[in-house]
Amino acid sequence: MSTTTIDSHTQAAADEMTVGHFLSTYVFSKDHKVIGIQFLFSTLIWFVVGGMLALGIRWQLAWPWSDMPIIGGMLFPEQGGQIAPEFYTVLVTMHATVMIFLVIIPILAGAFGNFLIPLMIGADDMAFPTLNMLSYWFMWPAFFFFGGAFFCDGHGAAAGWTSYPPLSDMTTSAPSSGAAQTLWLLGVTTVGISSMLGSVNYMTTIIQMRAPGMTMFRLPLTIWAMFITALLQAFALPVLTAAGFMMLADRLIGTGFFLPEGLVVNNSPMAAGGGQPLLWQHLFWFYSHPAVYIMILPAMGMVSDILACFSRKPIFGYKPMVYSICGIAGLGFIVWGHHMFVSGMNPGLGMTFMVATMMIALPSAVKTFNWLGTVYGGKVQFTTPMLFALSFVSMFVIGGLSGIFMAATPVDIVIHDTYFIVAHFHYVLFAGTAMAVFGSIYFWFPKMFGRMMNETAGKIHFALTFIFLNGTFFTMHILGVGGFPRRLADPYHYPTFSHLLTMNQFMTVCAICMVAVQIIFAVNFFYSIFWGPKAGRNPWRANGLEWQAPSPPGHGNFDFQPIVYRGPYEYGSPETEEDFYPQTMPPKQDRDNLA
Amino acid sequence: MGRVWSILFLTVPIFGVWTFVSAMNDWWPMNGGAFAFSSGHWFPSLDVSDHVKDHLFYVILYLTGVVFIGTGAVLFWILWRYDGATNADPVVFSHGSHALEVIWSILPAVVLLFIAIYQMDAWAGARMRRPTMADGAIKPPLCRVTGRQFEWRIQYPGEDGRLDTPDDLHILNDLHVPVDEEIVIEIESLDVLHSFFLPNMRVKQDVVPGMRQYVWFHPVKEGVSDIVCAELCGWGHYKMRGRITVDNAAEFDRWYSAAYADQETSQFSLPEEED
Ligand code: HEM
Ligand SMILES: [Cu+2]
Ligand SMILES: [Cu+2]
C-alpha cells in the first residue's frame, strides 16, 4: 500500500525497476522513513476498523436491540441485523484493543518515532536498520492474530481489553473464550515484540547518532518524549509479556497462575487452582499504566514543536518541560494500582497509590502552563496543525482534570467502571493524542511526501471534528456521575439508568457525524499525496534539522553534514532578521567571518 | 479568522459548564424537551446517611472547575490577543521564567496534597473501619451475596446468626435490608469477577473468586433500587441485575418470615441453571 505512493515520488524508482530492487526499497526496506510510512498506513487502516467498531457500540447504546441500518443485515443475518449481547462484548473488547495496540501506540512510536528521530537529530538512519525493519514486520503477525480473532468462534475476543481472569483465563466461559482469546494473547505479545525492537533502536539512536553540536538539551521535545517513551517500553513491556505467557500457560497447559481453587464456570469445573486473579491485574497494569504515558508523551512532544513553530516564539520553559516528561515517566511506574481501587486490593495499599497518583497530575499541570506560556506573546498562525495542537492543550486539560476525580479513592468507588472513565480516557486518548496525531500528520506531511495538504479542507476537518468530539464525549461525564456502567449491552435494563437513553442518542448522532467527517481527511490525504502543491524544504519556516533536508529526504536523509549551533526553538530571535533561526545556521559572527 | 478560532475554543468551557449545570438542575433538554424538569441526570438519589463521597466529589468539582474555566478563558484571550494577523507588537522573545515555574509547580502541588489528605478519612470509613456493635465487637454481616454468571445469590444466616447452616434463607436477586441500621454484607464470587454496585448507596466492590470481602452502608430511607454488576463478567453481564429493598424493621421481619416459610414449603432447591 505504502509502496505505490512512495513509488510515484522517487525518481530513482523509475530507473531501475527489478522485482528484487522493488521489494528491498519499498517493502522490506531498512530506510527509517519508509518504515515510518509503512507504520502510518497500517495504523490508519486499523483506525478505520476501530472507528467502525466504536460506532457498533454507540449504535447499541442509542437504539438497543434494533436492526442496524445498511450493514446489520450483512453482518448478523442470524439475528436479523441486531447486535447480540455476545457480540457487544466483542465490540468493546476489540474496539479498545485495536485502538490501543494497533493504532495509537504504533502510530506514535512506530510511524512518527521512526520517521522523525533520525531526521530531527541529524542522523542518516537508525542505529540498527535491520532490527527496525523487523519491528514493522512483527506487526503483521499481530494484524493476523487480531484480525483472525474476528473469524473464530464468537467472532472476536470478548473479555475486555484488560482481559481480566478468570473470564479470560478459561477456554469454556463463553463462545469467544476459545481460539479468539488465545489469538488475542498472541497478538498482544507480538505487538510487544515489535515495540521492544523499536525501543532498543530509539534509545541507541538518540544516544549514539546525534549530529555534531546536538547536545541532549538541544534536542527537540519530540525527541525527548520519544526517548523517555522508549525507556518506559523497555522496562514495562517484559512484565506484560511474562504475564501473557503465564496466561497462555493457564489456558493451554492447565496451570493456574490466575485461578483460585474450586471454580465452576459455565458449568465446567476448573482443574487447576492455587492462583490469584488480582495477580494478573497487578502485572497487566504494571505495563498498561506506563502504556498510557507511552500513548501521550510523544503526542506532548510533537504538540510542543508545533506550538512553538506557529506561535513564532521559543518554547516557554524548555528544561521544565524536559523534567516533567521525566517526572511523568518516573511516577508512571508507581501508580498502576489506581486502576485497582475497587478490585479488592488492600485498602492501605490503595492509599499509597492514591498519593502517588495525585502527584503525577503535577508535571502534567506544569506542561499545560508552559504551553500556554509558549503561545502567550507570540504571533499565532492558525494553520491546521496549529489548530490541532491547540485543541490538544484544551482537551488535555479536561482529561487531566477528570483524572483527579478518579485519583480520589472514595470518589472512584462511585465512578469506577462507569462512563466517567470512558469520558476521561477518550479525552486523553482521542481528544488529546489522536488530535495531536492529526496535527502532526498535517505538519510533517510535506516532509513525508514532498507535497502540501489542502489547508481549507484541513480546517473544515478540524472544526467539525472538534465540535462533534465534544458533543460525543463531554456528556459522558454526566452519564458516569449518574452511575451509568460501561460495557453493558443494555444499560436500560436497569430502571436506575433508563432515563439516560435520550442522552445516549444525542452522543451517538454526534459520533456518527464525527466519523463521517473523517472522510474529508482521507480525501485530502490521498489527493495531496499525488496532486498536492509541491513543498519546498521548509514550508513552515521551522527551525528543526528535519526541515533542512530535502522534501522528501532521499536515502541517507541529508545532502550535507548538519552541524547544530543552537536549540530548536529560537523563533523571533533578535539575532536574525527572519523570525526563525534554523539549528544548522551558523551564528552571526561566524557568518561575518566567512564573508 | 483568528477570532473565529478563539471563539471556537471558548465554547469548550461554556459548553462544559452548561452541561454540568444543566444536568445538576435537570435542564438537560434531551429528555422531554428543553428545560423539562425530569428525573435526575445527576447522581442517583442518595438514601444513605453518609454523604461524604458526594461531598468530596463536589469539592473536587469546584476546584477543578475553577482550573477548567481559568485555562479555557486564558487560552481564549491569548488566541484573541496574539493572533498573528492582527498583532503588530514584536513577539516576546522569552525562554521562560524561573519564578513562574516555581509558582505554578507549588500551587497545584498544594491543592493536590490537600485533596489527597482531605479524602483519606472517607476512604478509611468506606474500606477500613468496619461497623461495630454497641459492645465494640465487629458487626457480623447481615447476609452474604454471591455473584455467579449472571445472578446474585443471597443468603441470610437465619436464627443461629451463622451462615452455611440448615436454617439459612436463600434468595435470588432480591436483597432486603432494614432501614436506619449499619448494614454489613459479605460478598463472594463462584466463578469470574463481578462487581457489586449499589449506585444509590455509593457502594462498589469487585467480587473476586477466592476472596471474601465486606461492604457496608447505612440506609436512611425506605425504597427500592438496583444492584448492578459493574465488572465485565461475560456475555450476560448486562442482565446481571438485582434489586435492593430498604424496609422498616417491622416490614423487614415480615418479609423475612414470609420468605423463609416459602422456602420451607417449596422444599428448598437451587434455582434452575440458566444459559
Ligand atoms: C470515533 C471515535 C470513538 C468513539 C465513538 C468511541 C466510542 C467508545 C465507546 C462508546 C466505548 C465504551 C464501551 C463501553 O465500555 O461500553 C469505548 C471504549 C473504549 N475506547 Fe473508544 N471510541 C472512539 C475512539 C477511540 C480512540 C481513538 C481510542 C484510543 C486511542 C479509544 C479507546 C477506547 C478504549 C481503551 C475503550 C475501553 C473499552 C473498554 O475496555 O470498555 N476509542 N469507545
Ligand atoms: Cu457480573
Ligand atoms: Cu458483570
Side-chain angles (χ1 to χ4, degrees), chain A residues 85-86 89 160 164 166-167 173-174 260 263 265 277 312-314 316-317 320 342-344 347 355 358 361-362 365-366 369 372 375-382 394 397 401 404-405 408-411 413-414 417 474-475 478 481-483 485 487-490 493-494 496 499 502-503 506 572, chain B residues 1-2 5 9 12 16 19 23 30-31 39 41-44 53 56-57 60 64 68 71 74-75 78 82-84 87 91-93 95-96 101 104-105 108-109 112 115-116 119 122-123 126-128 191-193 199 202 204-206 208-211 213 226 228 230 232 234-235 238-239 241:
Chain A
E86 290 87 343
T89 50
Y164 281 176
L167 187 64
S173 54
L263 294 188
V265 177
R312 312 311 291 169
K313 249 196 85 206
F316 196 90
V342 304
S343 70
V355 177
M358 285 286 174
L362 190 59
V366 169
F369 296 137
L372 292 175
V375 187
Y376 171 88
K379 280 190 191 299
V380 180
Q381 302 175 345
F382 290 94
S394 161
V397 169
L401 291 177
I404 299 178
F405 289 83
T409 42
V411 180
I413 294 177
V414 183
D417 267 331
F474 201 87
T475 351
I478 305 297
V481 175
R487 297 172 171 179
L488 246 47
D490 183 7
H493 190 69
Y494 297 88
T496 313
H499 65 290
T502 35
M503 215 184 235
F506 169 75
Chain B
M1 263 322 253
W5 297 120
F9 283 103
V12 172
T19 305
M30 291 304 152
N31 200 34
S39 55
H41 283 100
W42 198 239
F43 287 120
K53 290 176 200 141
L56 253 175
F57 180 91
I60 299 176
T64 53
F68 172 57
T71 46
V74 168
L75 182 65
I78 291 178
Y82 294 106
D83 177 1
N87 176 21
V91 300
V92 182
F93 185 70
H95 287 85
E101 300 289 347
W104 67 41
S105 307
L112 289 166
I115 299 175
Q119 64 169 356
W123 176 245
R127 283 288 190 272
M128 293 167 167
D191 41 36
V192 300
L193 293 175
R202 310 290 188 267
K204 184 183 288 133
Q205 176 65 59
D206 282 8
V208 186
M211 273 173 82
Q213 302 185 79
D226 284 332
V228 182
L232 181 62
W235 68 269
Y238 74 99
K239 60 173 190 174
R241 173 185 158 205

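Just so it is clear: chains get the letters A, B, ... in the order the sequence lines come, proteins before strands, and each one is counted from 1. Quick caveat, the model's predicted, so the values are computed rather than measured.
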- prompt: So how far is it from B:Phe43 CZ to A:Ile478 CD1, rounded to the nearest 0.5 Å?
  reply: 10.0 Å
- request: Say whether, by atom type as modelled, one donor and one acceptor occur between the side chain of A:Asp490 and the main chain of B:Lys239 under 3.5 angstrom.
  value: no
message: With chain B as the partner, which of A:Thr89, A:Val375, A:Leu167 has the greatest number of non-hydrogen pairs under 4.5 Å?
response: A:Leu167
task: Look up atom CG in A:Leu401 and atom CD1 in B:Ile60, then write down how far apart they are to the nearest 0.5 Å.
output: 11.0 Å
query: Do the non-hydrogen side-chain atoms of B:Leu75 and A:Leu372 ever get within less than 4.5 Å of each other?
result: yes
field: Contact class of A:Val397 relative to chain B, heavy atoms under 4.5 angstrom
entry: side chain
statement: Nearest heavy-atom approach of B:Ser105 to A:Val366 is OG-CG2, 3.7 Å
query: Counting distance only, does the side-chain N/O of A:Lys379 pair as donor-acceptor with the main-chain N or O of B:Val91 below 3.5 Å?
result: no
message: Only pairs of heavy atoms separated by less than 4.5 Å count here; which of A:Ala489, A:Gly378, A:Pro277 has the most with chain B?
response: A:Gly378
query: Shortest non-hydrogen contact from B:Gln119 to A:Thr409?
result: OE1-N, 3.0 Å
- request: Check whether any side-chain heavy atom of A:Phe369 sits under 4.5 Å from a side-chain heavy atom of B:Pro108, and report yes or no.
  value: yes
- request: Might you point out which heavy atoms bring B:Leu112 and A:Ile404 nearest each other, and give the distance in Å?
  value: CD2-CD1, 3.9 Å
- line: Under 4.5 Å to a heavy atom of chain A? For B:Trp5 that would be side chain
message: Is the ring pair B:Tyr238/A:His493 parallel, tilted or perpendicular, if the boundaries are 30 and 60 degrees?
response: perpendicular
- request: Heavy atoms only, distances under 4.5 angstrom: which of A:Val411, A:Ile413, A:Thr475 has the most pairs with chain B? Name it, please.
  value: A:Ile413
message: For a 4.5 angstrom cut-off between non-hydrogen side-chain atoms, does A:Tyr164 reach B:Val192?
response: no
query: About how many Å separate OH of A:Tyr494 and CG of B:Asp226, when rounded to the nearest 0.5 Å?
result: 7.5 Å
Closest contact, heavy atoms only, A:Pro85 versus B:Trp235: CB-O, 3.6 Å
query: Which heavy atom of B:Arg127 sits nearest a heavy atom of A:Pro347, and at what distance?
result: CB-CB, 3.7 Å
query: Side chain, backbone, both or neither: which part of B:Val74 has a heavy atom under 4.5 Å from chain A?
result: side chain
query: Which one, A:Pro410, A:Pro260, A:Gly344, leads in non-hydrogen pairs under 4.5 Å with chain B?
result: A:Pro410
- prompt: So, for A:Val342 and B:Gln205, which heavy atoms are closest and what is the spacing to 0.1 Å?
  reply: O-NE2, 3.1 Å
- prompt: According to the interplanar angle, ranging from 0 to 90°, do the rings of A:Tyr376 and B:Tyr82 count as parallel (below 30°), tilted (30 to 60°) or perpendicular (above 60°)?
  reply: perpendicular
- prompt: Can you tell which of B:Ala126, B:Gly234, B:Pro209, B:Ala122 has the highest number of heavy-atom pairs within less than 4.5 Å of chain A?
  reply: B:Pro209
